[in-house]
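Worksheet: one structure, shown below.
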Amino acid sequence: MLKINKELILSILKFGLTGLSGMVVDFGTTWLLREKAKWNQYLANTCGFSLAVINNYIINRYWTFHSQHNWLPEFGRFVLFSVVGLLLNNLFLYLFYEKGGIKFYYSKALAILLVFVWNFLTNWLFNFH
């Protein structure tokens, strides 16, 4: 069972703030590539998400979780969890936008919120602890 304490709440808040910075990277890159460069929206989404993953790993490693572990296997796990998150992100984006008729960027925001739960739990439980 998940024990909720001040340290966990602080980690969730820091992870969330880190996620917000990643969201700026993600949305900015996606917008630039989709709207200005006229790339396919899913390719643009993948690029935005990938740059956000790198941003988020660095911040979470040093600020959120204060990791002292070897960075390479830790980054590998972070990327693995993020790739699953990316698949979930694109699935939710497809379901909300293509099937649900919700505007693209609203769909993207909903997908990010849902994938946040996956990302935090996998990294908190299996990567940084």
Side-chain angles (χ1 to χ4, degrees):
M1 179 108 181
L2 198 64
K3 182 181 177 186
I4 300 196
N5 58 34
K6 288 180 185 179
E7 182 182 331
L8 176 59
I9 291 169
L10 185 58
S11 293
I12 291 169
L13 289 173
K14 286 181 172 183
F15 196 86
L17 289 172
T18 300
L20 287 176
S21 75
M23 194 167 74
V24 169
V25 170
D26 189 345
F27 267 75
T29 301
T30 300
W31 178 83
L32 184 68
L33 295 176
R34 181 178 188 252
E35 305 301 332
K36 297 300 179 185
K38 303 298 183 195
W39 286 20
N40 171 278
Q41 62 200 16
Y42 296 104
L43 180 59
N45 185 57
T46 300
C47 289
F49 190 87
S50 297
L51 288 177
V53 165
I54 295 167
N55 173 80
N56 290 1
Y57 171 73
I58 292 168
I59 296 171
N60 279 316
R61 174 177 168 79
Y62 295 105
W63 184 54
T64 306
F65 298 109
H66 309 285
S67 178
Q68 300 296 315
H69 300 288
N70 185 336
W71 73 270
L72 190 57
E74 187 179 77
F75 180 67
R77 286 187 303 271
F78 192 87
V79 169
L80 175 65
F81 298 146
S82 296
V83 166
V84 173
L86 172 61
L87 294 173
L88 291 170
N89 185 287
N90 278 323
L91 173 65
F92 292 138
L93 184 61
Y94 172 77
L95 291 174
F96 296 144
Y97 178 65
E98 298 287 344
K99 297 296 183 182
I102 300 171
K103 290 183 179 185
F104 180 79
Y105 290 108
Y106 292 133
S107 295
K108 186 168 175 57
L110 287 171
I112 287 170
L113 288 173
L114 291 172
V115 172
F116 172 84
V117 174
W118 161 263
N119 285 336
F120 179 78
L121 288 176
T122 55
N123 280 290
W124 184 72
L125 293 171
F126 303 112
N127 200 19
F128 293 108
H129 279 72

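Just so it is clear, the model here is predicted, and its values are computed rather than measured. Note: hydrogens, waters and symmetry copies are ignored here, and every other heavy atom, side chains too, is used. Residues take their numbers from the sequence shown, with the count starting at 1.
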**OP:** Please report the C-alpha distance between Phe78 and Val53 in whole Å, then the side-chain angles of each, then the deciding distance to 0.1 Å, and finally whether the side-chain contact (heavy atoms from CB on, under 4.5 Å) criterion is met.
**Re:** CA-CA 8 Å; Phe78 192 87; Val53 165; 3.8 Å; yes

Subject >> Full working for side-chain contact (heavy atoms from CB on, under 4.5 Å) between Leu17 and Leu13 >> reply: CA-CA 6 Å; Leu17 289 172; Leu13 289 173; 5.5 Å; no

**OP:** Under the side-chain contact (heavy atoms from CB on, under 4.5 Å) rule, what do Tyr57 and Glu74 come out as? Steps first, then yes or no, please.
**Re:** CA-CA 9 Å; Tyr57 171 73; Glu74 187 179 77; 2.8 Å; yes

Subject >> Pair Val25-Ser21, side-chain contact (heavy atoms from CB on, under 4.5 Å): steps then yes or no >> reply: CA-CA 6 Å; Val25 170; Ser21 75; 5.9 Å; no

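Atom OG1 of Thr29 and atom CH2 of Trp39 lie 10.0 Å apart (nearest 0.5 Å). Atoms NZ and CZ, from Lys14 and Phe120 in turn, are 11.5 Å apart once rounded to the nearest 0.5 Å. Atom-to-atom distance recorded for Lys99:NZ and Tyr94:OH is 3.5 Å, nearest 0.5 angstrom. Atom CZ in Phe75 sits 13.0 Å away from atom OG in Ser67 (nearest 0.5 Å). Taking CG from Leu114 and CZ from Phe92, the interatomic distance works out to 5.0 Å, rounded to the nearest 0.5 Å. The distance from atom CG of Leu20 to atom CG of Asp26, rounded to the nearest 0.5 Å, is 12.0 Å.
Thr30 and Ala44 make their closest contact through OG1-O, 3.5 Å (heavy atoms, listed as atom of the first residue, atom of the second, distance). Nearest heavy-atom pair, Ala52 versus Gly22, reported as atom, atom and distance to 0.1 Å: CB-O, 3.3 Å. Residues Leu93 and Ala111 approach most closely at N-CB, 4.1 Å, considering heavy atoms.
Residue Val79 is grouped with residue Trp124 when hydrophobic side chains (ILVMFWY) are merged at heavy-atom distances under 4.5 angstrom, including chains of intermediate members. At a threshold of 4.5 Å between side-chain heavy atoms, the hydrophobic network of Ile, Leu, Val, Met, Phe, Trp and Tyr places Phe65 and Leu10 in two separate groups. Under the 4.5 Å side-chain heavy-atom criterion for Ile, Leu, Val, Met, Phe, Trp and Tyr, Ile102 and Tyr97 are members of distinct hydrophobic clusters. Linking ILVMFWY residues whenever their side-chain heavy atoms come closer than 4.5 Å, directly or via other members, leaves Leu51 and Val83 in distinct clusters. Both Phe128 and Val84 are part of a single hydrophobic cluster, where members link through side-chain heavy atoms under 4.5 Å apart.
At distances below 3.5 Å, not a single donor-acceptor pair connects side-chain atoms of Asn45 with backbone N or O atoms of Gln41. With hydrogens and angles ignored, the 3.5 Å screen pairs a side-chain donor or acceptor of Arg61 with a backbone N or O of His69. Side-chain atoms of Trp118 come within 3.5 Å of backbone atoms of Phe81 as a donor-acceptor pair (strictly under, hydrogens ignored).
Tyr42 does not carry Arg34 over the face of its six-membered ring by the limits of under 6.0 Å from the centre and within 45° of the normal. Taking the ring centre of Phe27 as origin, the terminal cationic atom of Lys108 falls inside the region bounded by 6.0 Å and 45° from the ring axis.
The aromatic ring centroids of Phe15 and Phe116 lie less than 6.0 Å from each other.
Looking at heavy atoms from C-beta onward, Ser50 lies in side-chain contact with Thr46 at the 4.5 angstrom threshold. Using a 4.5 Å heavy-atom threshold, the side chains of Thr122 and Asn127 count as separate.
A side-chain contact (heavy atoms from CB on, under 4.5 Å) with Asn56 is found for exactly one of Ile58, Asn60, Ile54, namely Asn60.
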